[in-house]
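Below is one structure, written out as structure tokens; comments come after it.
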Amino acid sequence: MRADPADIVVTAGTAQVIGLLARVLHDAGAGTVAFEDPGSLGTRQHLDYWGTAHPPVPVDADGIRVDLLRASGAPAVLLTPAHQFPTGAVLSGPRRRALMDWARDGGLIIEDDYDAEHRYDRPPVPALRSMLADRVFYAGSVSKLLAPALRTGWLLAPPAHRDAVVDAKRCADLGGAVLPQLVLARLMDSGELERQLRFLRRRHRARRDAMIRAIAEHLPAATVHGAAAGLHLTVTLAAGDDEGGAIDRAVAAAALDRGVKAHPLSWHCQRPHPPGLVLGYAAGTPARIADGVAAIGRAVRALGLPTARP
Ligand SMILES: Cc1ncc(COP(=O)(O)O)c(C=O)c1O
């Protein structure tokens with residue numbers, strides 16, 4: 001996606017984007033932002049903090065259900081179209097077109113492009129922003145490419161909201177630290193960032209494959225979601241809803257007792273959902289990943305959950 005540098009507001013990651021936009025959208029009369037379900041617990045906590053209501057809109061294999069978004073009456077939506085968090089779904093062509101129609105009818109879109117560059121088995125999908133710049137706020141960061149500790153991200157706003165975003169950023173912190181931005185510019189100009197991405201793609205693909213093999217061996221009843229891109233897999237452990245998340249929280253706790261940290265899927269759900277886990281693979285070697293999934297398999301068996309498909 002090409003952008004005029006003057007339109008880019010450098011932020012302290014996507015996290016800051018949520019705070020800035022909560023204020024800007026509230027002032028524009030949009031105090032409610034529909035949110036994908038499942039969708040990131042962290043993002044939802046930020047919306048809560050900033051007083052923005054976030055009615056859930058279900059996600060399926062094609063991404064967010066735009067018919068239900070329309071029915072919700074929400075004036076804005078926050079979504080992860082390139083690689084939905086946590087299911088890994090890519091927003092399909094028909095859904096994109098339906099979403100664009102919804103936006104042309106007055107809806108505002110916040111596009112969180114949080115790990116779109118980490119893809120292995122599929123071509124890149126164009127940013128929604130490139131299709132309808134007048135209605136889409138586009139946010140990204142280097143957190144998944146370099147390090148979250150850099151706290152460096154960016155926001156492109158629709159022209160009608162640009163001045164309000166610049167004001168919000170100025171009043172938040174007078175602008176982000178310049179030194180990390182200069183370092184990032186050097187990494188981009190020198191081609192080093194591209195090389196880093198190619199290196200990471202190779203390494204992550206091997207780690208992802210190790211995790212999929214380990215899941216087939218130790219969690220044969222599980223269904224894997226979202227393997228084509230990203231830095232994590234989501235697995236659902238059984239059919240049927242996990243009311244209140246008791247099952248997957250118990251599995252995550254039993255896994256932690258065995259030294260393995262995994263998010264219960266229910267953390268990221270506002271509505272009932274099958275029990276599941278969100279398993280990151282970026283930080284472990286294939287051997288550690290295999291050991292970790294084996295420990296989760298032991299936790300699942302200890303809790304008496306199904307270990308084979310019916
Ligand atoms: C859905 C989602 N969006 C964005 C981010 C990145 O946030 P930041 O850019 O503030 O580090 C994360 C981090 O984990 C995330 O899970």
Side-chain angles (χ1 to χ4, degrees), residues 8-23 33-50 52 54 56-57 59 63-64 76-91 109-119 125 127-129 136-157 165 168-169 172-173 175-177 180-181 183-184 187 193 196-197 200 204 225-226 228-234 261-270 276-284:
I8 300 171
V9 174
V10 175
T11 65
T14 308
Q16 187 180 39
V17 168
I18 296 166
L20 299 177
L21 292 188
R23 173 65 198 258
V33 175
F35 191 53
E36 297 168 313
D37 192 76
S40 158
L41 169 67
T43 303
R44 198 152 35 92
Q45 288 170 333
H46 282 235
L47 290 169
D48 279 336
Y49 179 82
W50 292 105
T52 301
H54 47 76
V57 178
V59 168
I64 195 164
V77 65
L78 195 166
L79 77 167
T80 47
H83 181 244
Q84 203 276 330
F85 184 90
T87 67
V90 181
L91 193 67
I109 296 170
I110 304 172
E111 176 174 25
D112 175 357
D113 210 15
Y114 85 105
D115 66 3
E117 61 278 10
H118 299 288
R119 65 194 138 66
V125 286
L128 298 176
R129 163 89 189 180
V136 180
F137 294 89
Y138 174 87
S141 79
V142 298
S143 293
K144 300 285 190 282
L145 186 54
L146 294 173
L150 287 171
R151 306 311 310 138
T152 301
W154 45 85
L155 169 61
L156 283 81
V165 165
K169 174 66 183 170
D173 56 13
Q181 297 178 46
V183 173
L184 184 60
L187 289 174
L193 200 66
Q196 161 81 351
L197 180 55
L200 284 180
H204 290 154
H225 308 264
L231 305 177
H232 71 272
L233 298 175
T234 292
K261 202 169 168 187
H263 286 191
L265 180 58
S266 56
W267 279 4
H268 303 291
C269 299
Q270 299 188 71
L277 296 172
V278 180
L279 305 172
Y281 54 75

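All figures in this text were calculated on a predicted structure; none of them were measured in a lab. Order of appearance sets the numbers: ligands from 1, and atoms from 1 within every ligand.
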Check your understanding: Nearest protein heavy atom to atom 12 (C) of ligand 1, by residue and atom, and its distance?
Key -> Lys144 NZ, 3.7 Å
**Study point:** Option of least heavy-atom distance to atom 2 (C) of ligand 1 (set: Val142, Leu150, Asp112)
**Key:** Asp112
Revision key, fill the gap. shortest atom 11 (O) of ligand 1-to-protein heavy-atom contact is with Ser143 OG, 2.6 Å
Review point. Given His232 and His83, is the ring-ring contact (aromatic ring centres under 6.0 Å, His included) satisfied, shown in steps?
Key: CA-CA 11 Å; His232 71 272; His83 181 244; 5.6 Å; yes
Point to revise | Short side-chain donor-acceptor distance under 3.5 Å, Thr80 and Glu36 | key: yes
Check your understanding: Which atoms of ligand 1 are found less than 4.0 Å from any heavy atom of Gly13?
Key -> 9 (O), 10 (O)
Practice item. Say whether, by atom type as modelled, one donor and one acceptor occur between the side chain of His225 and the main chain of Leu233 under 3.5 angstrom. Key: no
**Study point:** Protein heavy-atom partner closest to atom 7 (O) of ligand 1 - residue, atom, separation in Å
**Key:** Thr14 CB, 3.8 Å
Point to revise | Contact (N/O only, under 3.5 Å) between Ala15 and ligand 1 | key: yes
Exercise for review: Keeping the roles fixed (side chain from Gln270, backbone from His54), state whether a donor-acceptor pair exists under 3.5 Å.
Suggested key: yes
Study note, to complete from the structure: One finds that the ligand 1 atoms under 4.0 Å from a non-hydrogen atom of Ser40 are 1 (C)
Check your understanding: For Arg23, does the CZ atom have more than 12 heavy-atom neighbours from other residues, nucleotides or ligands under 6.0 Å away?
Key -> no
Check your understanding: Do Asp48 and Arg44 sit within salt-bridge range, that is, some charged N less than 4.0 Å from a carboxylate O?
Key -> no
Study note, to complete from the structure: heavy-atom search around atom 5 (C) of ligand 1 in the protein gives Tyr114 CB, 4.2 Å
**Study point:** Donor-acceptor contact below 3.5 Å, side chain Thr14 vs main chain Val17
**Key:** no
Practice item. Would you check the N or O atoms of Arg151, main chain and side chain alike, for any that come under 3.5 Å of an N or O of ligand 1? Key: yes
